[in-house]
J.: 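Following this message is one structure expressed as structure tokens.
Note that this is a predicted model, so its numbers are computed, not measured.
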Amino acid sequence: MFKLYNSYSQITSDLSKFFKSIFPTISKPHLKIIPDIIIGMIKAESVVTTDIIKKINDPWSNVQPSSIERRFERFFNNDKFFSYDFYDSIIKHIIKNYKLKNNNVYISFDHMYCRDKFTIFLLSLRIGKQGFPLWFRCFKGVDNSEAFKISLINQGISYVHSLFNGKKCNLIFLADRWFNFREIMQHIDSLGDTYCIRTKSNVSIEIDNFEDADLISYISDIEPRFSKSLYFDSVRITSFKFQTKLAVSKTDSHKEPFFILTNGNTRDAIKHYGYRFGSIEFIFKNQKSNGFYLESTKMRNMQSFTTLFTLVCVAILWLTILGADYTKNKSHFKNCFKIRYSKRNGNYHKRTFSLFNTGLFFFNLAFEASKYILLKCNFLLYDI
């Protein structure tokens, strides 16, 4: 009889020990059920309860599926489980032990939607060419004004800033044109961090020391040049009386030019803003069509959806960390298997498998495997 490594009972036990160590106030019933849901979610690649139930093992083997479903429902609707605090404890553990490769840390923020049921405001950390959630808040419906309040956005920004206190790094916040508010940019600047925020073309503007300044009343009056960016180190956004800097770029791949407001070096603003696309868009894909199919959930209750979304984010975190760990230490696994996550393109390798999908593939190979492969549950992240 073959011995299976990384058995179901071992991994759920390891996850339980980790969650208990970083969140001591968690209750025993929650500590017992959360690892099962996360593993079932990963194995099923689904957030649908019936799909998860099919993938969980002991101690549920002799329990009727209908009974398990009721237990899961009670857990998701339990307002004694504080999702945000639980996730916060995991993130603080990760960032505390996170070793930076360079000084620039890229933080993207945006809204995402789960059909017409829920709105999520989310901040993410870029790792490799993708990102993972750092802080989020969930709201009922798509028109809930609470999700778009500047005070909420600044709360998330302040939280992320506090995470990196004591680390020698430059936090760079990236956001699309729907966040070009003076209060947000002033708040980031007051923290000593950098912002690169895209602005709308109909914003009124004044430019200092520019030969065509008299001809420019709006940002759209600036003539962008293909393959050659324009930089303005002193501009005034007259519509909300704000002094800042501006970088302008136009590429063949986008119909509209990019107008990027920044308080940093304008020569870096376009490049920095470009990192937003791979970061937060990957999270949305991993939660939806490329991962757990979040939009297939039938949950309508705010408490249950927030708990579900939290566990989806934990699963994304874990798989991304496993993918980063494999990428950094792939030579350790060469006698077991090889994951081809990139292909040669000229003189360099192009990544074809995201860290998340690399981690998912690694998990499926290592979980209940006949060969010994270390499947870590310590949530230690490598920068790559």
J.: Salt bridge between Arg276 and Asp110, side-chain N to carboxylate O under 4.0 Å?
T.: yes
J.: Can you find a pair of side-chain heavy atoms, one from Tyr195 and one from Thr244, that are under 4.5 Å apart?
T.: yes
J.: Tell me, please, which residues at least two apart from Ser67 pass side-chain contact (heavy atoms from CB on, under 4.5 Å).
T.: Val63, Gln64, Arg70, Arg71
J.: I'd like a table of donor-acceptor pairs (distance under 3.5 Å, sequence neighbours excluded) in which one partner is a side-chain atom from residues 310-317, with atom names and distances.
T.:
| residue | atom | partner | partner atom | Å |
| --- | --- | --- | --- | --- |
| Thr310 | OG1 | Thr306 | O | 2.8 |

J.: Parallel, tilted or perpendicular, judged at 30° and 60°: which one describes the rings of Phe362 and Tyr326?
T.: tilted
J.: Which residues pass the ring pair (Phe, Tyr, Trp, His ring centres under 6.0 Å) test with His161, sequence neighbours left out?
T.: none
J.: Using ring pair (Phe, Tyr, Trp, His ring centres under 6.0 Å) as the criterion, list what pairs up with Phe76, not counting sequence neighbours.
T.: none
J.: Tell me every residue that passes ring pair (Phe, Tyr, Trp, His ring centres under 6.0 Å) with Phe121, counting only those two or more places apart in sequence or in another chain.
T.: His111
J.: For this output row, return yes or no: ring centroids of Phe356 and Phe132 closer than 6.0 angstrom.
T.: no
J.: Return all side-chain donor-acceptor pairs below 3.5 angstrom for residues 23-42, not counting sequence neighbours, or 'none' if the list is empty.
T.:
| residue | atom | partner | partner atom | Å |
| --- | --- | --- | --- | --- |
| Ser27 | OG | His30 | N | 3.4 |
| Ser27 | OG | His30 | ND1 | 3.1 |
| His30 | NE2 | Asn78 | ND2 | 3.3 |
| Asp36 | OD1 | Tyr8 | OH | 2.5 |
| Asp36 | OD1 | Trp60 | NE1 | 3.3 |
| Asp36 | OD2 | Trp60 | NE1 | 3.3 |

J.: Can you give me the closest heavy-atom contact between Leu381 and Ala324, atom names plus distance?
T.: CD1-CB, 4.3 Å
J.: side-chain contact (heavy atoms from CB on, under 4.5 Å) with Tyr372: which residues, sequence neighbours excluded?
T.: Tyr5, Leu374
J.: In terms of the angle between their ring planes, are Phe240 and Phe242 parallel, tilted or perpendicular, with boundaries placed at 30° and 60°?
T.: tilted
J.: Can you list the residues that meet the side-chain contact (heavy atoms from CB on, under 4.5 Å) rule with Glu73, with sequence neighbours excluded?
T.: Asn77
J.: Please enumerate all residues that pass side chain to side chain donor-acceptor pair (under 3.5 Å) together with Thr262, with sequence neighbours excluded.
T.: none
J.: Check whether Glu69 reaches the backbone of Thr49 with its side chain - one donor and one acceptor, N or O, closer than 3.5 Å.
T.: no
J.: Once salt bridge (charged side-chain N to carboxylate O under 4.0 Å, His left out) is applied, do any residues pair with Asp88, and if so which ones, sequence neighbours excluded?
T.: Lys92
J.: Restricting to ring pair (Phe, Tyr, Trp, His ring centres under 6.0 Å), what partner residues turn up for Phe259, sequence neighbours left out?
T.: none
J.: Would Phe139 and Phe118 count as a close aromatic pair, with their ring centres under 6.0 Å?
T.: no
J.: Strictly by modelled atom types, are Asn165 and Ser162 linked by a side-chain donor-acceptor pair under 3.5 Å?
T.: no
J.: According to a 4.5 Å side-chain heavy-atom criterion applied to Ile, Leu, Val, Met, Phe, Trp and Tyr, with indirect links allowed, do Leu152 and Ile188 form part of one hydrophobic cluster?
T.: yes
J.: Heavy-atom distance under 4.5 Å between the side chains of Ile184 and Ile157, does that happen here?
T.: yes
J.: Count the heavy atoms belonging to other residues, nucleotides or ligands that lie under 6.0 Å from CG of Asn102, then report whether that count exceeds 12.
T.: yes
J.: Of all residues at least two apart in sequence or in a different chain, which pass the salt bridge (charged side-chain N to carboxylate O under 4.0 Å, His left out) check with Lys117?
T.: none
J.: Hydrogens and angles aside, do Tyr273 and Asp176 bring a side-chain donor and acceptor to less than 3.5 Å of each other?
T.: yes
